[in-house]
Amino acid sequence: GVWRQTRALLFKNCLVKCRTKKSSVQEILFPLFFLFWLILMSMMHPHRKYGEISNTNLGTLDTSMLVNFVVGYTPPTRMAREIMKKVAFDNFEDGIITEEYLSEEELQEASAFKPSNFVGVVFNDAMSYQLRFPNSVAMSSVYMESR
C-alpha cells in the first residue's frame, strides 16, 4: 500500500529530475549564488562598532529657544493631561504652554495659526503618540523613507 506508492512517487520524482537537468541545477545553484552575494555584501559593508564613552554632564538645557513654545495635544484624556503636565513642569523651570484640543482637526487648525512655535501631540492610546510638526520645522535628514 503506502510504501509502494511512496517508492513509486520517489522513483517518478527522480526520473523527472534526471530528465530536466537544467532546472534541477538551477534549483541548487541559485540559492547558493544568492547566499554568496549576501555574504559578499555583508563583507563590503561591515557593521560599525562604537566604543564606550564615559558619562559626562551635558549641562543644562538651553531654554531660550522654548520661550512662548506651545504644545497642543488631543484627545484630552486624564492620562494625556498627566503626561503633558509632567512634560511641561518637571522638565522645564518656567514650564511650557500646553493646550488641549477636542479633536485632531482642531489641533491642525491651531497649528496653522501658530506655525513658528507650535507642536502637536496626538495620543493614540495610553502608551503611544504621534508628533505633528508645522511645515516650517526642519525635518530630520537621517530618516526620509516615509514622512
Legend entry - ILVMFWY network linking V25 to V16, side-chain heavy atoms under 4.5 angstrom: no
Legend entry - Contacts of L10 that satisfy side-chain contact (heavy atoms from CB on, under 4.5 Å) - sequence neighbours left out: T6
Legend entry - Connected via hydrophobic side-chain network under 4.5 Å: L35 and M43: yes
Inset, instruction - Would you mind checking if K86 and E82 are paired as a salt bridge, meaning a charged N to carboxylate O distance below 4.0 Å? - result: no
Inset, instruction - Start with the C-alpha gap between Q5 and R7, add the side-chain angles, then the distance that decides, and say whether side-chain hydrogen bond (donor to acceptor under 3.5 Å, both in side chains) holds. - result: CA-CA 5 Å; Q5 287 179 351; R7 245 185 349 175; over 6 Å; no
Inset, instruction - Examine I39 and F36 and state if one hydrophobic cluster contains both, with Ile, Leu, Val, Met, Phe, Trp and Tyr joined whenever side-chain heavy atoms are less than 4.5 Å apart. - result: no
Legend entry - Beyond-backbone contact of Y73 with R81, side-chain heavy atoms, under 4.5 angstrom: yes
Legend entry - Which atom of A80 lies closest to which atom of P75, heavy atoms considered: CB-O, 3.6 Å
Legend entry - Hphob cluster co-occupancy, M84 + L131, side-chain heavy atoms under 4.5 angstrom: yes
Inset, instruction - Taking the side chain as every heavy atom from C-beta outward, state whether D125 and S128 have any atom pair closer than 4.5 Å. - result: yes
Inset, instruction - Assess whether atom CZ of F123 is packed by more than 12 heavy atoms of other residues, nucleotides or ligands within 6.0 Å. - result: yes
Legend entry - Cluster link W37 to M44, ILVMFWY, side chain under 4.5 Å: yes
Legend entry - L102 to P76 - nearest heavy-atom pair and separation: CD2-CG, 3.9 Å
